[in-house]
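We count ligands from 1, going down the list as the structure has it; atoms in each ligand are counted the same way. Sequential numbering from 1 along the given sequence is applied to the chain's residues.
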Amino acid sequence: MTTRVPIVVGNWKLHKTVSESVATTDALVDLLPKRGRAEIAVAPVFTALMGVAAQLKGSRVALGAQDLHWEAKGAFTGEVGPLQLVDVGCAFVIIGHSERREYFAETDERVARKVRSALDHGLKPIVCVGESLQTREAGDAEPHVVAQVDAALQSVQPADLASLVIAYEPIWAIGTGRTASPTDAEQMHAAVRAQVQRSHGVPAGEGLRILYGGSVKPENAGELMLQPNIDGALVGGASLDAASFAAIVAAAD
Ligand code: 13P
């Protein structure tokens, strides 16, 4: 029996203005039961962080950002760093999402620096890993994902793993309506956990939370999260609507 606390995170990506983000947050806070087993976070665009933070005060929902720069300050035009995220009330930060890896030249090395910086500033990294369809069809999914995890955790200590979350998001399942089967997802999650137990020790690996992401919906969330190594969900499309996100949280609760 697992004692890991499930966690459900909504990644709003490049959707919603400030007022739309605030309205969705209000609706979500209204819909959610005041207490529940799961931890919850939403990650709006940078410009909406402050507005959403104000609406989340006193609720059970935490705030997350979708990226950060590893430097705390300096001449880095256009970047947002850990101090700003903490200042605005973020507890979590998504790092290494496949969309950043694909469109914004995010590398394993940059992911590792961001993870270290987030931890050093008291932010909880949600580290995303996942394989392309081509990699899966070539039979290389597991070594690919395990290598991404190894790279991201290279300067992470075992004790840090209590405040870090990994999200396995197969790229072919993101926004496609095509979910990994619970069995396939579970197999990957178990492989990731086994690897982290080898690299960081059994207790730290056992406590690490590993989320599944990729077309998670109210209809499939329960079955996915019933798998022993799936500790929650990172939700894109279905998190944009308060009712469907609340239904996914209900499955985790
Ligand atoms: P979808 O839930 O829209 O497939 O997105 C998943 C995702 O990328 C979350 O980070």
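Under a 4.0 Å N-O distance rule, the pair Asp253/Arg35 does not qualify as a salt bridge.
Between the side chain of Asp184 and the backbone N or O of Ser181 there is no donor-acceptor pair closer than 3.5 Å. Side-chain N or O atoms of Arg136 include none that pairs as donor or acceptor with a backbone N or O of Glu131 at under 3.5 Å.
Using a 4.0 Å cutoff on heavy atoms, Lys217 does not count as a contact of ligand 1. Heavy atoms of Gly175 approach ligand 1 to within less than 4.0 angstrom. Look at Ala238 and you'll find every heavy atom at least 4.0 Å from all atoms of ligand 1.
Taking only nitrogen or oxygen atoms, main chain and side chain alike, Glu99 does not reach within less than 3.5 Å of ligand 1. Between Gly236 and ligand 1, an N or O atom pair is found at a separation short of 3.5 Å.
Distances below 4.0 Å separate heavy atoms of Leu234 from the following atoms of ligand 1: 9 (C), 10 (O). Each of the following atoms of ligand 1 lies closer than 4.0 Å to a heavy atom of Ser215: 1 (P), 2 (O), 4 (O). Interface atoms of ligand 1 facing Ala173, defined by a heavy-atom separation under 4.0 Å, are 4 (O). Proximity to Gly237 (heavy-atom distance under 4.0 Å) selects the following atoms of ligand 1: 1 (P), 2 (O), 3 (O). Numbered from 1 in the order shown, with element, the atoms of ligand 1 that lie under 4.0 Å from a heavy atom of Asn11 read 9 (C), 10 (O). In the vicinity of Glu169, heavy-atom distances shorter than 4.0 Å reach the ligand 1 atoms 6 (C), 7 (C), 8 (O), 9 (C), 10 (O). Here is the list of ligand 1 atoms found below 4.0 Å of a heavy atom in Gly214: 4 (O), 6 (C).
When hydrogens are left out, the protein atom nearest atom 5 (O) of ligand 1 is Lys13 NZ, 3.3 Å; that is the closest non-hydrogen contact.
Taking both residues in full, the closest heavy atoms of Ala190 and Asn229 are given as CB-ND2, 3.7 Å, listed atom of the first, atom of the second, then distance. Annotation for Ala112 and Ser155: closest pair O-OG, 4.3 Å, computed over non-hydrogen atoms.
Here Ile174 has heavy atoms under 4.0 Å from ligand 1 in both its backbone and its side chain.
Exactly one residue among Val129, Val127, Asp108 makes a side-chain contact (heavy atoms from CB on, under 4.5 Å) with Val149. That residue is Val129. Exactly one residue among Met225, Arg209, His189, Glu39 makes a side-chain contact (heavy atoms from CB on, under 4.5 Å) with Asp231. That residue is Arg209.
In this pair, Phe76 and His69 present their aromatic rings tilted. The plane angle is within the 30 to 60° band.
The local environment of CD in Glu71 is crowded, with over 12 non-hydrogen atoms from other residues, nucleotides or ligands closer than 6.0 Å.
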